[in-house]
Structure formats: C-alpha cells, structure tokens
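For clarity, every value in this text was computed on a predicted model and none was experimentally measured. Chain letters run A, B, ... following the sequence lines, proteins first and then strands; every chain starts at 1.
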Number of protein chains: 2
Amino acid sequence: MRPDTEDDIGPLSPMPCFDLYAASRSVTAVYRPLLEPLGLTYPQYLVMVVLWQHEESTVREILRELQLDYNTVSPLLKRLETRGLLVRRRRTDDERSVTVALTDEGRDLRERTRHIPDVIGAAMGIDGPTVIKLREILRTITASATAHAAKT
Amino acid sequence: MRPDTEDDIGPLSPMPCFDLYAASRSVTAVYRPLLEPLGLTYPQYLVMVVLWQHEESTVREILRELQLDYNTVSPLLKRLETRGLLVRRRRTDDERSVTVALTDEGRDLRERTRHIPDVIGAAMGIDGPTVIKLREILRTITASATAHAAKT
DNA sequence: TACGACTACCTCGCACACGATTGAATCGGC
DNA sequence: GCCGATTCAATCGTGTGCGAGGTAGTCGTA
C-alpha cells in the first residue's frame, strides 16, 4: 500500500530512502575529482564553505551548520588544522568553547573552488525550478525525520 | 547566479547537494533504532531486502542493485555471513562468481521488518504524490551525476 | 558558596564508502 | 591452443558517521 509506481524492476525501487542514499553518493562522487586536487574531501569542503562565509566560528556552530556531531567534526577539524588550513584555540571568555579560524592558506584556497558550484549544477541535470522544488522537499524530510528521531 | 532563494541564512543554504547529504543522513537516522534490535545497519538491511526478493543472487548483482562497489559490499556480506543470515559459495559454472543465498535465519528475519516501511513513510512527512515527484528528481540526478562522473 | 545539572569538546571502537592493488577465472582474437 | 584483455572478488588504507564514554568549564539554585 506504499505509493509505488511499478516503473522499475529492482527490489529497492519502492524505497524512496534508497533513492536518497544513491543520489547523495552520486553527487558526492562528482565532487570528489573536483576536490581531490585541493586535497579536500566533501565534508572538509563543507567546513571550508562555512568558514569562508563566517571567517571565524566555533566547533559548535560548525557542527550545527553541518548537522553533524562532535565525534565526526572534531577529527575532521584536526586534520584540516594539520594541513594548515585553519587554527583552533580555546576561547578566553568561555573555556569550554574552541574558536576555529582560517589561516591565510585556508582563505586563499577559496579561489581554487570558484568553478565548482557550476560544475555540480550542470552535473545534477535539473533546472532551476526543480532545484527549488527539490530543496523544499528535502528540507521537509530532514525536519520531519529529525523531529521523529528526537522524540524516540 | 545559482538558482537561490535567500530563504535561509546559513552559508550551506545555496547548496542543494548539502540538502541531499543532510536528508539522506536524517532518514538513515530514523532507520537506525528500527534496525538496531535486528542487529542490522542500513546498508546491511538493503542487502537483505534484495535477497528477500531474489532469494539467491551473486555479489555482482547485489552491488549493482545498491550502486556500490566490491570494496564496500564484500566485507558487508562477510559480516552478514558471520551472523548466519546468508552463505556465500563459488559458482561451479563460473568460478569467478560468488553466489549469495539466504539461510533460514536470514529468511525469517524478514517478518520482523514488516512495520518498517510505514514508519519510514510517516517519518519522512511527505505525501504520496510528493514521494513520486521526489523519486523522479532523485533518479534524474543520480543518472546525470553518474554519467558525468563516468566520462571524466 | 556549594553542588548537581548542563554544555562544549574530545577519544575510542565499529561499520561504511571508496581508491588502489592483487589474484584467479573467463573471454576474444589470432 | 595461446595469450592479452576483461571480469569477479577480496583486501588494505584513509576518511567519514555515529554510539558510548570521559573531562573540563559554566550555570542555576538553594
């Protein structure tokens, strides 16, 4: 009784969640060769995007933005710091917090990513209105699923 | 010049790929507590879904269905075999291939997953027509992105 | 002020994803 | 039949993603 048109033969067809999973990985796969020359992974790129906007942030703000947790973001930031793209330091006004700031090298890296959004946009093969529609649906799902998970 | 309505303040907002990434993880997070009592992860569950339909398959067919690669699926099947849910054996007609077949225990596990699709459907918070629309968009993206990655 | 609750962060362990490499079996062209 | 190319499968190393557990700092309230 699931909403299911039989337009495909695979057993995974009636599962929209699988389409989500497959689409997410396929887009990440497009990013990979674009980011590889910069020595960045996709999640690392997302962190850099946040920092290119905010210039300076905290670990907490970054993981909120990425909807991830400390146990994923902490080692990730550690690796980016080792590569010299950012620095972490304890805040003096609240010693629990850690400030994350770009280095010059991290800031400069931005120039080498200018072409990426257009390449991704083209690779996804959907037009502007569809992107808008997709985003609306995806945010509904994320909000609903997150709320569902929270009250369990 | 990206298709971008400024309806959100975060720096990740203009990136539909991020919405994809976040939505995928949020739905997986809904699966997790449902699958945990069965001792399955989400990718493991997907493999079981394939086997519940096909009853018997090959490693190659399974990874095609899941759009994954041997290096992900091989260890995954190994773990499921260790759990006693399936068995792997070399084919006699083509010794390169490995047949994957359910055990009785693997077959029986299906009964304990009957409620899952409805829970997921409800948790996603979108109606039937939207699911259809979403699936259409996601498959377009997956096909387009996969084609793009292939010719690079 | 004392102290329990909460917050920010980190580490460890396990299971994906995926690039790279290896090895065995089969296929294709001659 | 021979041999290079291809296919199927497994393993190793790196980087997430997340549950569980731990520490240090701050807050609320008596």
Query raised in the report: Quick one: A/D93 CG to D/dC27 C1', roughly how many Å, whole number?
Result: 15 Å

Requested in this report: Classify the angle between the aromatic ring planes of B/W52 and B/Y45 as parallel (below 30°), tilted (30 to 60°) or perpendicular (above 60°).
Outcome: perpendicular

Report summary line: Result for 5'-nearest mapping on DNA chain D, choosing between B/R60 and A/R96, is B/R60

Query raised in the report: Is a salt bridge present between B/R88 and B/E81, judged by a nitrogen-to-oxygen distance below 4.0 Å?
Result: yes

Report task. Have a look at A/R88 and say if it touches a base, only the backbone sugar-phosphate, or nothing, with a 4.0 Å heavy-atom cut-off. Result -> sugar-phosphate

**Report entry** Sidechain-backbone polar pair: A/T103 side chain, A/G84 backbone, donor-acceptor under 3.5 Å
**Finding:** yes

Report task. Identify, between A/S97 and B/L68, the residue whose nearest nucleotide on DNA chain C lies closer to the 5' end. Result -> A/S97

Requested in this report: Would you mind telling me which residue lines up with the more 5' stretch of DNA chain D, A/T92 or A/Q67, judged by nearest nucleotide?
Outcome: A/Q67

Report task. Select from A/T28 and A/T99 the residue whose nearest nucleotide in DNA chain C is closer to the 5' end of that strand. Result -> A/T99

Query raised in the report: With side chains defined as the heavy atoms from C-beta onward, is the minimum distance between B/R79 and B/Q44 less than 4.5 Å?
Result: yes

**Report entry** Interatomic distance, B/R32 CZ vs D/dA20 P [rounded to whole Å]
**Finding:** 11 Å

Query raised in the report: Expressed in angstrom and rounded to an integer, what is the separation of A/L46 atom CG from D/dG15 atom P?
Result: 17 Å

Report task. Please check if the side chain of A/D94 supplies one atom and the backbone of A/R96 the other of a donor-acceptor pair under 3.5 Å. Result -> yes

Report summary line: The correct set of residues in residues 38-45 of chain B placing a heavy atom under 4.0 Å from DNA chain C is B/T41, B/P43, B/Q44

**Report entry** Main-chain N/O of A/L68 paired to A/T72 side chain as donor or acceptor, under 3.5 Å
**Finding:** no

Requested in this report: Answer yes when B/E136 and B/R139 have at least one side-chain N-carboxylate O distance shorter than 4.0 Å, and no when they do not.
Outcome: no

Query - Backbone N/O of B/T130 and side chain of B/D127: donor-acceptor pair under 3.5 Å - result: yes

Requested in this report: Starting from P on D/dG25, measure out to CZ on A/R89 and report it in whole angstrom.
Outcome: 18 Å

**Report entry** Outermost nucleotides of DNA chain C that come under 4.0 Å of a non-hydrogen atom of chain A
**Finding:** C/dT7 to C/dG19

Report task. Under 4.0 Å from any atom of DNA chain C, heavy atoms only: list the residues of residues 69-85 of chain A that qualify, in numerical order. Result -> A/Y70, A/N71, A/S74, A/K78

Query raised in the report: Can you check whether B/A123's main-chain N or O pairs, donor with acceptor, with A/S144's side chain at less than 3.5 Å?
Result: yes

Query raised in the report: Under a 4.0 Å N-O cut-off, is there an ion pair linking A/R107 with A/D104?
Result: yes

